[in-house]
Number of protein chains: 2
Amino acid sequence: MRPENRRQVKELTLFRAMPDAAFDRLLAGSFFQRFPAHVVLIREGDLADFLHIVIDGGVELFSNWRDHETTISIARPISTFILAAVVKDAPYLMSARTLDASSILMIPSENIRTAMLDDSAFGVAMVDELAACFREIVKAQKNLKLRSGVERLANYLLRLDAEQRNDGRVVLPFEKKLLASLLNMTPENLSRAFATLKPYGVAVSAAAVEIANPGDLRRFAKPTPLIDDPKS
Amino acid sequence: MRPENRRQVKELTLFRAMPDAAFDRLLAGSFFQRFPAHVVLIREGDLADFLHIVIDGGVELFSNWRDHETTISIARPISTFILAAVVKDAPYLMSARTLDASSILMIPSENIRTAMLDDSAFGVAMVDELAACFREIVKAQKNLKLRSGVERLANYLLRLDAEQRNDGRVVLPFEKKLLASLLNMTPENLSRAFATLKPYGVAVSAAAVEIANPGDLRRFAKPTPLIDDPKS
DNA sequence: ACAGTCGCTTGATAAAAGTCAAGCGACTGG
DNA sequence: CCAGTCGCTTGACTTTTATCAAGCGACTGT
C-alpha cells in the first residue's frame, strides 16, 4: 500500500479521529491487494474474517437465492463494506465481486473488534458509520416498496444528474445489466423503462443519457429527501 | 414507569453492561407513556428527539410516498426503534404508530449521544445493536428482491411456526392487511397467496393458520438462514 | 336491533413485470 | 479476418401483481 493510500483511508470518518499509533496497530496483519475485474472477493455465508475497504475501482455487493441473483449495492472508493458482519463476527449476508480492476485493503476483523474496545472514539465512529449504512438501506427499501420500476429509474437518473453536475448530461457509471439488477428489474425491462421516460425528455445512447428538461423528469419522478438524498 | 419495566429495559443488550448510576443518568428526562391503539408516535421527516422503546404492545414502522404506504417493520417488546436517526441526529425516515394499546419509553436523543461518548462499553453495545438492525434489513431486502409474494408468505409462515412451536398450528400476530403491507402485497393478493399455498397443506381460518405438513411447505419455500434466520 | 363501518375474500379486468426469441453491433481471441 | 460471445434492444407472449367492484360476516355505536 502506498503512503497516499494510507492517508486516504485515514481520512475516512471511521478512522479520522484515531491516533496514528492506534491506526498502525489496526493495520497490522492487513492485506492490500489489487484484483482484476469480475473477481469474487466474498461469498455469502462465509465467515467475516476481514473488513474490506475499496481503495480504487469498484465492488458489487450481491446475493443469490435459488436461481435468482440481485445487486444490493455498489461500493466505490473510498469506502468500507460488510462492516456489520465484521462487528457481529457472523457470516456475510452478501457476496462481493470487483466491477473493474480494483485495489482492496483488508483489515482483520479481530483488529477492528479490539480497536473498538480500546478506543471509545473509534466506537463512536463505528456507530456513526453503521447508522449511516442502516439509513441508506432503509431508503433503498422504501424506494423498492413504494415505487414502480420506471419511477426508480427516473429518480436514479435525477440522482446521477445531481452528482455529476453536468447540465443534464449524465453518464451511467456501469453496465445497464447491473443497473437493472440494482433497480430490481430485468435488462429488457430497463430498456423499456428508458423508452417510457422519453416523453419526459430522457434520451439514451449507450452509457450517455441526456435529460433535456430535468424539471419535467422531476415532476414525474417526485423525488423526496427521505428516499433520494444520500445525506440526510 | 414501574420498577419491573426499568429492569426489563436494563436487560436489553444495549443497556445490560451499563452501571446502574449511568443508566439512571441516561433515563433523566425520559418519558414513560401509555398510548391507545393506532396512535401516530413519530412522523417521518421530523427530527429524532427521542429514542423510543416498546415496553408493551406493538409498534408499526411505516412510510409513505405519494399515495402509497408500506410497512417497513414491526417492533415488539422489549426493543428499541429508530435508533439510527437518534445517533445521526437526523430526520426520521419512517413513521411509527401503535398497533395495540402500548407502553413506550422515550429517552432524549441527547442522553444517548452523551452516554455513548462517556461510556465506551455502551458505544460497543450500540455498535452491536446497529449492526444487528442493519443485518435484519439486509435480509428483508433480499427477501423482497429475490422472492415472489407467495414465496415471501410461505417463508413468513415457516418463521412463525418456528417461533410459536405449536406443531403446525400458527396464529397470525396481526391483521392480514398489515401482513400484506409487510410482505409488500395488496390484501387481495395475500388472500390469493394463501389459496396458492393450499396444495402445500396451508389452511387458513381468520388468524389461525394450520400447516398440515411443514415439510411440504418447506420444500416449496426453500428457506435459507441467510434470509430467514432472525439470529445469524 | 340496526345501520354503518371494516376486514377479508372472490371475481373480472388492467397494468406491470418477466420470459422467450431474434437480431444488431461491439469487442475478443484464434 | 472471422467466428464467437456478450450487452443491449425490440417484439410477442405469459405470468404476476394491482385495481375495481361486489358481497359476506363481525363488530360498533346509536
Side-chain angles (χ1 to χ4, degrees), chain A residues 36-38 60 64-71 97 99-101 143-157 171-199 202-209 220-221, chain B residues 36-38 60 64-71 97 99-101 143-157 171-199 202-209 220-221:
Chain A
H38 309 125
E60 177 193 2
N64 292 93
W65 180 72
R66 301 183 68 172
D67 55 340
H68 294 264
E69 176 171 315
T70 191
T71 304
R97 67 166 84 98
L99 237 44
D100 320 298
N143 193 36
L144 203 63
K145 290 187 82 173
L146 292 167
R147 288 176 174 161
S148 71
V150 181
E151 288 165 340
R152 290 194 294 275
L153 175 60
N155 281 290
Y156 180 80
L157 291 176
V171 34
L172 302 177
F174 35 71
E175 296 182 326
K176 293 211 183 77
K177 197 183 159 184
L178 176 56
L179 177 57
S181 176
L182 191 62
L183 296 176
N184 207 34
M185 37 180 139
T186 56
E188 293 96 324
N189 233 309
L190 177 60
S191 271
R192 287 183 258 250
F194 271 118
T196 308
L197 293 179
K198 215 169 184 178
V202 174
V204 199
S205 115
V209 180
F220 170 79
Chain B
H38 310 125
E60 176 193 2
N64 293 92
W65 180 74
R66 299 182 69 175
D67 54 339
H68 293 263
E69 175 171 315
T70 192
T71 304
R97 68 167 82 98
L99 236 45
D100 320 296
N143 192 37
L144 204 62
K145 291 187 81 173
L146 292 167
R147 307 217 264 228
S148 71
V150 182
E151 287 166 341
R152 290 195 293 277
L153 174 60
N155 281 291
Y156 180 81
L157 291 176
V171 34
L172 303 178
F174 35 71
E175 297 182 326
K176 295 211 182 78
K177 196 184 161 184
L178 176 56
L179 177 56
S181 177
L182 191 62
L183 296 177
N184 206 36
M185 39 180 140
T186 56
E188 293 96 323
N189 232 309
L190 177 61
S191 270
R192 289 185 258 262
F194 272 117
T196 307
L197 292 179
K198 214 169 185 177
V202 174
V204 199
S205 115
V209 180
F220 169 80

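As the structure is a computational prediction, the values presented were derived from the model and not from experiment. Proteins come first, then strands; the chains are lettered A, B, ... in the order of their sequence lines, and each starts at number 1. No hydrogens, no waters, no symmetry mates; every other heavy atom, side chains included, goes into these values.
Every residue two or more places apart in sequence or in another chain that forms a side chain to side chain donor-acceptor pair (under 3.5 Å) with A:Ser148 is listed here: A:Glu151. The side chain to side chain donor-acceptor pair (under 3.5 Å) check on B:Arg152 picks up nothing, with sequence neighbours excluded. Contacts of B:Glu188 classified as salt bridge (charged side-chain N to carboxylate O under 4.0 Å, His left out), with partners at least two apart in sequence or in another chain: none. B:Asp100 pairs by the side chain to side chain contact (heavy atoms under 4.5 Å, CB included) definition with B:Arg76, not counting sequence neighbours. Not counting sequence neighbours, the partners of A:Phe220 by the ring-ring contact (aromatic ring centres under 6.0 Å, His included) test are A:Tyr200.
Of the possible polar contacts, none joining the A:Thr71 side chain to the A:Ser181 backbone as a donor-acceptor pair under 3.5 Å is found.
Side-chain contact between B:Leu157 and B:Leu172: present, with at least one pair of heavy atoms (C-beta onward) separated by less than 4.5 Å. Between A:Leu99 and A:Leu178 the shortest side-chain heavy-atom distance falls below 4.5 Å.
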Hey, can you pull the donor-acceptor pairs under 3.5 Å for the side chains in residues 189-197 of chain A, sequence neighbours left out?
{"from": "A:Thr196", "atom 1": "OG1", "to": "A:Arg192", "atom 2": "O", "distance (Å)": "2.8"}

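The distance from the CG atom of B:Leu146 to the CG atom of A:Asn184 is 8.0 Å, given to the nearest 0.5 Å. With rounding to the nearest 0.5 angstrom, the CH2 atom of A:Trp65 is 8.5 Å from the CG atom of B:Asn143. Annotation: the span from A:Asn64 atom CG to A:Arg66 atom CZ amounts to 13.0 Å, rounded to 0.5 Å. The line from CG of B:Leu182 to CG of B:Leu153 is 11.0 Å long, rounded to the nearest 0.5 Å.
For the pair B:Ala221 and B:Ala154, the tightest heavy-atom approach, listed with the atom from each and the gap, is CB-CB, 3.7 Å.
Shown for residues 174-183 of chain B: no residue has heavy atoms falling under 4.0 angstrom of DNA chain D. Within residues 145-155 of chain B, no residue approaches DNA chain C, by heavy-atom distance under 4.0 Å. Interface residues of residues 184-198 of chain B facing DNA chain C, ordered by number: B:Glu188, B:Ser191, B:Arg192; criterion, heavy-atom separation under 4.0 Å.
Legend: side-chain hydrogen bond (donor to acceptor under 3.5 Å, both in side chains) pairs involving residues 171-180 of chain B, not counting sequence neighbours: none detected.
Across its full length, the helix from C:dA1-D:dT30 to C:dG30-D:dC1 shows an angle of 40° between the axes of its 5 terminal pairs at either end, rounded to 10 degrees.
When DNA chain C is scanned 5' to 3' for any atom under 4.0 Å from a heavy atom of chain A, the first and last hits are C:dA17 to C:dC20.
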